[in-house]
Asks: 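The structure's right below; bear with me while I get my questions together.
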Amino acid sequence: MALAAPDITTRAASAEPGRIFRITSTLRQVVSTPLGTIGCALVALIVLTALFAPWIAPYSPTAISVKERLADPSWSHLLGTDQLGRDLFSRVILGTRTAMTVALVSLAVALAAALPLGLIAGYGPRWLDAGLILVFDSLSSLPMIMFALATVVLLGAGLSTVILVIVIYSVPSYARLIRTQTLSIKARDFIKAEQAMNAGLGRILFVHLLPNVIGPLLILACLDLSTIITLEAGLSFLGLGVKPQIPSWGNILSDGFAVIRTTPLPVIAGGLPLILATIGFTFFGEALRDALDPKLARESRP
Amino acid sequence: MTFFILRRIGLGLVILLIVALLLFGMMHMIPGDPTVVALGPRSTPEMREAFRQLMGLDRPIFEQLGLFLGRLSQGNLGEDVWSRRPVLTMILEVLPYTVTLAVASFIWAVALGIVLGCAAVVHHGRWPDWLIGVLSVGLVAVPSFVVSLYSLLIFAVTLNWLPAIGAGEPGDIMGQARALILPSFAIGLGWVGYVSRIVRAAMIEAMGEAYVRTLRSFGVPERKIIYRYALKQAFLAVLSVIAIGFGGLLTGSVFAEIVFSRPGLGKMTYDAVISRNYPVVMGTVLMTSGLYVTCMIIADVVTAFLDPRVRSAL
C-alpha cells in the first residue's frame, strides 16, 4: 500500500515534511493514470504560458497594423494576423493570461463567499439551512447563460460583470459541498467532545471543520476551472465579456467568426487553446479526485 | 405518489418565485433610475414611460412587486418596449425552434452515448474501454460554442455540405432537417460523454447482478446479455441524466442559435440584451427557468415511477 507509509510519517514526524511527502505522493498517483498524465501536462503548459506570456509573445497583442490585415502565417507572424493586423500568436499567448486571471480571481471570491455560507448552513439552525438550500437550488436551476445575459443588460458588459456572474454561478455548488461535509463531521465524537469541553463556535468551525472541508473543495474548484474558463470565453465571444481590445480567447473567436468565410485561421487559433485548457483542467481535476477521494465522484455537477 | 408529485411541483413553483424575485430585485438594487438601468441611456422617453407603466414604477416598491407577481401568475410576461408586442407571444413564436433543436441534440447525445457506452462494456478492461473513458471526459469538457464554430467551419464553410445559417424555409422539411444537423450535433456532443459514462457504469453494475450470473449459467451468449438485459438497466440511468440534461441542452442552444443564426429563445434573448430590452430578457429568463424546472419535475417523477426501489420508498 503506497498510501499507508506517508500516513504513518505524518503522524510520527512533524507536520510539515509529512504534508509535503503526502502532496508528492498524491501527485505521483495523479500522474500514474492516463487522464492525470495528459491533464498534468496540459495544466503545466497553460500555467507556464500564462506566467511567462509577455516574454513568449513576439508582439504587443493590441498593436494594430493596417498594412498587415489578415496576413497568412509566416515566420514573422506564426499564426498570421487578424482583421486589424494584430499578431494572432501574441494574442493567443496573452489570452492564456486573461483566462487564468479571470478564473483564479473569480474562484477565490467564490470560495471566500461559499465558505461562511456553507458552514452556516451546515452548522447553524435548521430553518436557516433549509432557506439557504432553497436559494442554492433556485440559483442552480437558473440556466446560467440566461442569468449572465440578464446581468449584462443591467450592469453592462465588462470584466467585473463576468467575475460576478461566475461567482454567483459557483457559490451554490461549493457552499452545498461545504454544508454536506460540515453536517457529516458535526455528528462525530471529537466535535461532541469539544462541545462538552465548552469550546467556542469559532474554534469548532476553524480548527475542526475548515481543514476537513478544504480538500474536497479544492477538487471541486479544479473541476470547475474549465467551466469558468468556458463561461468567460463564451461571454467574450458574444461581445458581452472583457473589452474587445483585451486579448482573450473569446475575443479572438469573436473576431474570427466575423471573417470565417475569408480565413479559418483566427477561429482555429482561438478555439484550440480553449479546448486544451478545458480538457487539461477537467482531466487533472478528475484524476485528482480519484486519487484523493473516490467518494466525491457522485457529488460532482453533471 | 400523489404527495410526492405535488411536493415536487410546489418546490418548482417556489424556485420560479425566487427567480422572479431575483430578476425584480436586481433591477432595483443597481443604483440609478430603474428605467435607465433596464433600457440603457439611449432609450427614448416614450420607451421609459412604457416601462414605467408596465412595472408601475411610481408606486411603492411592495405594490410594484405585487403588481409584477400578479401579472406573472396570470401568465402575462409583459410587453416589449420597442415593438409593444406581448413578450409571451414573441416567446411562443420562437419556442418551437428551440425545443426542436433541444430534442435533436438530445437524440445525438443518447444515440452516440449509448454506442460508446456499449462499446466500452463489450471491451471492458481493454484499451478501447480506456480510450472511450478518456474521450468521454474530453467531450464533456469541450465548450459547446467552440464545437459549434468548428463544425460550422468544417461542414458548412469549407466542405459546404450543410447550410451555415438559418433554420430552413417554412414548409421545406428536408431543408429544415438539414439546417438542424450541425447545431444539434454541436450541442449534443458535450452530453455524449455523460451518457456514455452513465451507460457504461449502469451496464457494468448490472453485469455483476445475480440474475446475469444465472443467465450466464444457462448459457445465454454474452452479447445477448449485454444488449438485451444490461442495456435495459442503462436506459433507466440515462433517464435521470435527462433530468438535468434537458435544461442544459436548452442553455447550450443559446450559443448554437447565435453561431448558426437560427431563430429561437437564445437568439431572442441575445438580441434583447444587445438592444437593452430588459422586459424581454426577464420574460425569456423566466420562461427558460420554467422549462428547466418542468423538465426536472417530469424526470424526477418518471424515474420514481420506473424504479420500483424508489417507488416503494415513496
Side-chain angles (χ1 to χ4, degrees), chain A residues 33-35 38-39 134-135 137-157 168 223 226-227 229-231 233-234 237-240 249-250 253 256-257 260-261 264 267-268 270-272 274-283 285-287 297 301-302, chain B residues 11-12 14-19 22-23 26-27 29-30 37-38 40 130 133-134 137-138 140-146 149-150 152-154 157-158 164 194 241 244-245 247-248 250-252 254-255 258-259 265-266 269-270 272-274 276-278 281-282 284-285 288-289 291-293 296:
Chain A
T33 61
L35 274 188
I38 305 173
L134 194 62
V135 173
D137 278 348
S138 316
L139 279 179
S140 19
S141 72
L142 199 63
M144 224 354 100
I145 189 69
M146 287 296 191
F147 171 73
L149 291 176
T151 319
V152 169
V153 188
L154 295 177
L155 288 176
I168 294 180
L223 281 169
S226 71
T227 319
I229 293 173
T230 306
L231 201 57
F237 170 68
L238 295 180
L240 307 172
W249 296 333
L253 282 171
F257 184 46
I260 198 167
R261 293 195 177 271
V267 166
I268 299 175
L272 212 55
L274 189 51
I275 292 179
L276 291 181
T278 47
I279 285 187
F281 282 108
T282 308
F283 281 12
E286 295 257 338
R301 182 174 36 212
Chain B
L11 185 69
V14 173
I15 287 176
L16 281 184
L17 181 71
I18 291 177
V19 171
L22 200 70
L23 287 170
M26 279 197 332
M27 195 177 68
M29 269 188 292
I30 293 156
V37 166
W130 175 88
V134 173
V137 183
V140 171
V142 173
S144 79
F145 73 98
V146 178
L149 282 170
Y150 276 21
L152 175 86
L153 188 63
I154 297 170
V157 174
T158 311
Y194 286 120
V241 188
I244 320 141
L250 283 173
T251 310
V254 173
F255 284 107
I258 292 164
V259 169
L265 260 186
T269 316
Y270 176 68
V273 169
I274 295 297
R276 296 203 61 165
N277 201 336
Y278 194 57
V281 177
M282 278 201 287
T284 48
V285 171
T288 30
S289 313
L291 285 173
Y292 201 108
V293 168
M296 230 152 54

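Letters A, B, ... mirror the listed sequences (proteins, then strands); counts begin at 1.
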Asks: How close do B:Val146 and A:Gly271 get, heavy atom to heavy atom, and via which atoms?
Replies: CG1-CA, 4.0 Å

Asks: Against A:Phe257, only a single residue in B:Ile258, B:Leu153, B:Val259 fulfils side chain to side chain contact (heavy atoms under 4.5 Å, CB included); can you say which?
Replies: B:Val259

Asks: Is the ring pair B:Phe145/A:Phe237 parallel, tilted or perpendicular, if the boundaries are 30 and 60 degrees?
Replies: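 Parallel: the ring planes of B:Phe145 and A:Phe237 meet at under 30°.
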
Asks: Only pairs of heavy atoms separated by less than 4.5 Å count here; which of A:Val152, A:Leu274, A:Leu276 has the most with chain B?
Replies: A:Leu274

Asks: Checking heavy atoms, do the side chain of B:Val134, its backbone, both or neither come under 4.5 Å from chain A?
Replies: both

Asks: CG/A:Leu154 to OH/B:Tyr278 distance, rounded to the nearest 0.5 angstrom?
Replies: 4.5 Å

Asks: Taking side chain to side chain donor-acceptor pair (under 3.5 Å) as the test, write out the residues that go with B:Thr288, two or more places apart.
Replies: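 Once residues adjacent in sequence are excluded, B:Thr288 has no partner under the side chain to side chain donor-acceptor pair (under 3.5 Å) criterion.
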
Asks: On a heavy-atom basis, which atom in A:Val267 and which in B:Tyr150 lie closest, and how many Å separate them?
Replies: O-CE1, 3.6 Å

Asks: How far apart are the closest heavy atoms of A:Ala150 and B:Val285, and which atoms are they?
Replies: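 The pair with the smallest heavy-atom distance is CB-CG2, 4.2 Å.
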
Asks: Quick one: what part of B:Leu291 sits under 4.5 Å from any heavy atom of chain A, side chain, backbone, both or neither?
Replies: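 Contact with chain A involves no heavy atom of B:Leu291 at all.
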
Asks: Is there side-chain contact between B:Val140 and A:Thr282, with at least one heavy-atom pair below 4.5 Å?
Replies: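 When only atoms from C-beta onward are counted, A:Thr282 and B:Val140 do not touch, as no gap falls below 4.5 Å.
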
Asks: Check whether B:Leu16 gets within reach of chain A through its side chain, its backbone, both or neither, counting any heavy atom under 4.5 Å.
Replies: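 Neither the backbone nor the side chain of B:Leu16 comes within 4.5 Å of chain A.
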
Asks: Write down the atom of B:Pro143, the atom of A:Thr230, and the distance for their closest heavy-atom approach.
Replies: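 Reported closest heavy-atom pair: CB-CG2, 3.4 Å.
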
Asks: Non-hydrogen atoms of chain A under 4.5 Å away: do they reach the side chain of B:Val273, the backbone, both or neither?
Replies: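 For B:Val273, the contact with chain A is made by backbone and side chain together.
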
Asks: If you round to the nearest 0.5 Å, how far is OG1 of B:Thr269 from CE of A:Met146?
Replies: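 With rounding to 0.5 Å, CE (A:Met146) is 3.5 Å from OG1 (B:Thr269).
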
Asks: Which residue out of A:Ile38, A:Leu231, A:Leu238 racks up the most heavy-atom pairs below 4.5 Å with chain B?
Replies: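 Option with the top pair count is A:Leu238.
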
Asks: Among the options B:Val137, B:Val19, B:Val254, pick out the one with the most heavy-atom pairs lying under 4.5 Å from chain A.
Replies: B:Val137

Asks: Counting only heavy atoms closer than 4.5 Å, note whether A:Ala233 contacts chain B via side chain, backbone, both or neither.
Replies: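 For A:Ala233, the contact with chain B is made by backbone and side chain together.
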
Asks: Got a sec, which residues hit ring-ring contact (aromatic ring centres under 6.0 Å, His included) with A:Phe147, two or more places apart in sequence or on another chain?
Replies: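 Expected list: none.
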
Asks: Non-hydrogen atoms of chain B under 4.5 Å away: do they reach the side chain of A:Leu272, the backbone, both or neither?
Replies: both

Asks: What part of B:Leu17 lies closer than 4.5 angstrom to a heavy atom of chain A: side chain, backbone, both or neither?
Replies: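 Neither part.
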
Asks: Out of A:Gly256, A:Gly280, A:Gly234, A:Gly270, which one racks up the most heavy-atom pairs below 4.5 Å with chain B?
Replies: A:Gly234

Asks: Could you state the interatomic distance from CD1 (A:Ile260) to OG1 (B:Thr158), rounded to the nearest 0.5 Å?
Replies: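 OG1 of B:Thr158 is found 8.0 Å from CD1 of A:Ile260.
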
